[in-house]
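Quick notes on the structure that follows.
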Amino acid sequence: MSALGKVVRAGVGRRRVQTLVMMLTTMMAVTASVLAGGLLVASQAPFDHAFARQNGAHLTAQFDAAKATAAQVTATAHVAGVTAAGGPYPVLSLRPHIGENGSGMPPGGRMPELTFVGRADAGGAVDDLDLVDGRWATGLGETVLRTLDSPFGVGDRMTFPELPGSPTLTVVGLATSVGDSAEAWVSPAQLTQLTALGARLEYQMLYRFTKAATDAQISADRAAVAAAVPPGSMTAAASYLTIKLAADRTSATFVPFVVAFGVLGLFMSVLIIGIVVSGAVGAATRRIGILKSLGFTPGQVVRAYIGQALIPTTVGAALGVVLGNLLAIPVMSIEGSAYGTGTMTVAPWIDIAVPAVALAAVVATALAPAQRAGRLRTVEAIAVGRAPRAGRGRVVRQLLGRLPLPRPVSLGLANPFARPGRSGTMAAAVIFGTVGVTFGVGLALSLNGIESGLNQRTAGDVLVRTMGAPPDDAGGDAGPNRAGNGPPALADPAAIAAKIGAQSGTRRYFSTGETKVGVAGLAGRTTVISYQGASSWGSYRMISGSWFDGRGQAVVPSGFLNATGTHVGDTITLTDKGRNAPVRIVGEALDLRDEGMSILTDNASLAGLGAVVAPESVEFHIDLAPGTDPQGYLRSLNTALKPLGITAVRNSTQTSSTVIAMDTLAAMLTLMLVAVAGLGVLNTVVLDTRERVHDFGVFKALGMSPRQTITMVITSVAGIGLVAGVAGVPIGIALHDYVLPVMGDAAGTRFPAQDLAVYHLPVLVPLLLGGLVIATAGALLPAGWAAGTRTATALRTE
Amino acid sequence: MGNVIELRGAVKRYDNADGPALGPLTLTVEEGEAVAVTGPSGSGKSTLLNLVAGLDKPTEGTVTVGGTRIDNLGEGGLARFRRERIGIVFQFFNLLDDLTVLDNIVLPAQLAGTARGKAATRAHELLETLGIDQHARAYPGRLSGGERQRVAVARALINRPALLLADEPTGALDMASGRDVRELLIDLHRGGQTIVLVTHDLDLAESCAGRTVHLVDGHVALDRNSGAGAVR
């Protein structure tokens with residue numbers, strides 16, 4: 001082995017702790033970067049990527065089997081412009097009942113209509129499904145559900161008591177279809193069994209076209225397919241562009257904060273690698289002096305130290321790529337499910353680019369101090385190598401020494417001033433960590449606040465719906481909603497209201513129902529939520545203005561204001577059947593349903609229109625009198641409602657999968673940033689402790705106890721941590737205040753001020769101390785080493 | 001007078017070494033004695049000093065200083081022992097470069113919990129006694145070797161230790177400075193300070209110590225009262 005090789009090997013082997021820390025730090029930095037880079041890349045047009053990967057269908061068409069034969073439908077695959085096709089698959093729309101399940105759903109409850117498709121396998125030239133859990137449904141009694149918002153898990157069951165033989169399906173798998181081709185899949189044989197006598201069977205065909213980038217192109221494609229089958233046999237056709245629009249909106253809400261975290265992670269990684277490598281090379285100046293005294297040229301010294309830095313960092317980078325990809329599996333699965341695009345993976349080029357950039361950063365950051373040390377006169381290198389340059393920070397040390405503080409504390413506080421450069425970079429690492437924590441905590445608080453605001457769509461403790469679940473013990477005297485009795489009949493809202501009003505423990509209640517009306521100047525019909533009864537106690541979360549207070553007033557979400565160009569205070573005209581009713585917008589509410597295109601008003605505002613509230617949409621929102629036991633109230637009210645065939649339910653808060661995904665991502669990325677920052681501190685304190693080991697020996701020889709030594713080391717970073725924390729928190733708040741409204745814009749809403757102003761004192765104080773915690777956590781280990789070093793050994797150390 | 005130091009069968013072995021670096025050694029030093037420990041390199045002088053100072057622990061045997069067995073003390077107890085019972089003067093001073101002379105001297109007192117003002121008063125007394133009070137605000141790097149060693153002595157005495165340990169106190173000094181330090185040690189001993197002095201310098205041993213313990217290969221080859229400098 002050459003002399004250079006021996007020097008490199010000895011340098012790596014001799015400083016094992018530092019080598020290990022360099023490796024760990026690089027590993028964490030590369031892990032964070034792979035994750036951040038992977039998330040950033042995945043957040044760019046995730047729908048398009050997933051759609052391309054699954055060969056998603058540009059057009060999903062359904063044909064009436066009574067009007068077109070399977071052969072005719074199959075032949076549409078050869079229509080001009082069709083590049084690939086899937087099907088024909090038999091398809092049915094059914095409303096299953098909830099069966100036995102481990103997901104906490106009440107058995108017997110009726111589910112919304114699901115589209116069941118009979119498919120022999122998940123693959124194909126079009127709509128190549130991702131099976132994310134379980135297996136494909138191949139036998140009778142089995143089904144695979146679409147993962148998106150499915151409350152079912154593998155093993156859960158659904159029943160069809162209305163169908164001949166009352167079949168039961170067990171969920172054997174969960175799959176994603178980017179093009180939303182179906183909500184459930186079964187084997188073709190099973191679909192036949194589910195088809196009730198006389199039910200209308202349809203065929204599903206999935207197409208990919210040469211030209212499918214615009215609505216016009218899709219319309220032309222659709223027309224070409226429709227022309228190839230008997231007239232009127234194509235009953236429905238859905239364009240992927242509609243789904244893409246919704247998916248892009250969802251992913252767009254993620255992009256701002258994923259970008260914020262990603263950029264933070266990438267900057268931090270480069271910074272930490274810089275701290276670690278430049279610190280390690282800088283600390284070796286004395287050794288470099290010795291090498292030069294033995295005849296090493298400056299060029300050899302530079303090569304030796306770059307090599308010495310590259311060995312542990314290369315190992316760390318390789319491990320980081322592996323760890324990053326392993327961590328990416330759950331993280332990107334969350335991201336994928338949030339985007340509705342199924343499984344996502346780290347782009348392969350990230351696995352090459354990130355370690356390459358990391359190692360380039362290692363070389364770049366090692367080069368400067370190595371060259372500086374190589375250029376130093378040999379005697380200077382030997383002289384300055386051990387301790388910080390004398391004289392730095394003396395004034396601060398003197399001033400702090402005069403403060404009435406325990407001496408280990410004042411000595412520790414003064415220490416950063418002896419190495420301002422190193423302290424500065426460590427402070428930068430802690431600032432990044434604090435920014436990440438502040439942003440992450442604020443994001444979670446805001447999202448949960450917004451989620452809570454969105455949940456205010458239902459008010460009170462108890463809900464009763466006219467289409468509510470049937471009573472558990474629905475027997476012969478059960479009402480019109482009883483299971484197995486065909487389509488459920490609706491309970492009379494007036495009868496429900498009478499029962500609620502007569503119920504002991506009812507404090508107040510109101511009902512809501514939906515109808516659709518025209519709005520002057522707006523195409524199509526708009527949903528109106530009509531309120532009956534005093535509802536101010538159960539208002540939506542308001543963004544601006546106030547809740548309506550009687551006839552002629554309305555509250556609308558931001559989406560409506562944006563779409564119509566109206567503002568709070570403006571008057572709009574509702575139209576129906578040639579009649580008009582003006583209402584004044586008195587408030588802007590938080591609501592994302594129907595992209596915020598709804599109007600909330602008192603039922604009296606619709607009086608002049610004649611618009612009728614859809615009976616099945618009526619909900620009663622009940623507030624209980626103080627001291628009322630909700631469970632007892634529910635039991636009693638359900639007994640009263642039993643003749644009507646419906647049940648009351650607790651108004652439970654629901655957390656959307658998007659918010660859960662955002663919270664989880666934010667928590668994981670925050671932890672990653674904190675870990676990297678902590679490792680940066682650890683590395684710096686390890687370097688510092690090693691350089692000052694002789695000083696520690698002197699301190700201990702003079703009577704400094706282990707506890708005092710730990711105190712001194714901890715306080716040497718605590719000051720930096722505190723200052724960095726104080727500096728990082730405002731930056732994190734500013735980042736939060738910038739990113740949240742951008743996320744809101746992407747979602748088509750503004751957010752209530754109360755959900756943005758989340759940094760209250762009880763939140764701020766721990767955040768301000770966050771830098772201190774990060775720094776202290778990073779310093780604990782080396783502080784322990786410093787305290788445990790044997791005094792005689794330390795005194796002998798050069 | 002009682003024994004300030006008692007070593008009973010003390011042995012120190014280092015890892016990877018064939019035999020013990022010191023011992024078995026049994027040795028006592030009485031209060032007020034000035035003992036010079038001499039011997040060639042590798043004879044165990046510094047090891048003996050480290051054991052007595054509680055900087056290192058014996059592999060076997062016991063070490064009692066000022067009535068306290070220190071070989072079974074934990075690191076915290078040893079730290080307390082060092083700041084309350086002993087003062088150490090090193091060959092290369094071991095002053096902290098970024099602290100002023102005054103701050104260096106008051107440091108052991110502050111570690112012991114003494115208020116800075118009270119410690120500074122005591123430090124000024126010592127500086128005046130040692131003739132370097134004009135350097136109180138200076139940094140050690142600006143002082144001569146002899147002056148630095150006086151600062152180190154002042155630091156060692158700040159907590160009024162029962163025992164002063166000096167490891168080659170003139171080893172890094174020029175002749176004139178070495179002479180100054182020797183005079184200083186003699187004066188201290190005359191004042192009743194118990195001193196254990198490790199040195200190669202036989203003249204220093206003769207002039208400062210009333211008793212010389214000569215070590216060879218970790219064992220006492222000679223233990224004699226020289227009479228010189230002995231002040232009881």
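Chain naming here is simple, since letters A, B, ... match the order of the sequence lines and numbering starts at 1 in each. Basis for what follows: all heavy atoms, side chains included, without hydrogens, waters or symmetry-related copies.
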If only atom types and distance count, is the side chain of B:R82 paired as donor or acceptor with the main-chain N or O of A:G703 below 3.5 Å?
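Side chain of B:R82 to backbone of A:G703, a donor-acceptor pair under 3.5 Å: no, none is there.
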With a 6.0 Å cut-off (strictly less than), is the heavy-atom count around CZ of B:R69, excluding the residue itself, greater than 12?
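Check passes, neighbour count above 12.
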How many angstroms lie between atom [atom1] of [X] and atom [atom2] of [Y], to the nearest 0.5 angstrom?
X      : Y      : atom1 : atom2 : result
B:D98  : A:L411 : CG    : CG    : 10.5 Å
B:L96  : A:F699 : CG    : CZ    : 4.5 Å
A:S705 : B:L78  : OG    : CG    : 11.0 Å
B:R83  : A:K700 : CZ    : NZ    : 13.0 Å

Of the backbone (N, CA, C, O) and the side chain (C-beta and beyond), which part of B:F90 lies under 4.5 Å from a heavy atom of chain A, both, or neither?
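Looking at B:F90, just its side chain touches chain A.
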Taking side chain as everything from C-beta outward and backbone as N, CA, C, O, which of these in B:Y139 sits under 4.5 Å from a heavy atom of chain A? Side chain, backbone, both or neither.
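Interface part for B:Y139: side chain.
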Is there a side-chain contact between A:V698 and B:R155, using heavy atoms and a 4.5 Å cut-off?
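In contact.
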Neighbourhood of chain A inside residues 161-173 of chain B, taking heavy atoms under 4.5 Å as contact
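Heavy-atom contacts from residues 161-173 of chain B to chain A are absent.
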Can you pull out the residues in residues 396-410 of chain A with any heavy atom less than 4.5 Å from chain B?
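A:R397, A:Q398, A:G401, A:R402, A:R407, A:P408 fall under the 4.5 Å cut-off.
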Name the residue from B:D56, B:N50, B:L55, B:I88 that meets the side-chain contact (heavy atoms from CB on, under 4.5 Å) definition with A:L795.
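Exactly one candidate clears the test, B:L55.
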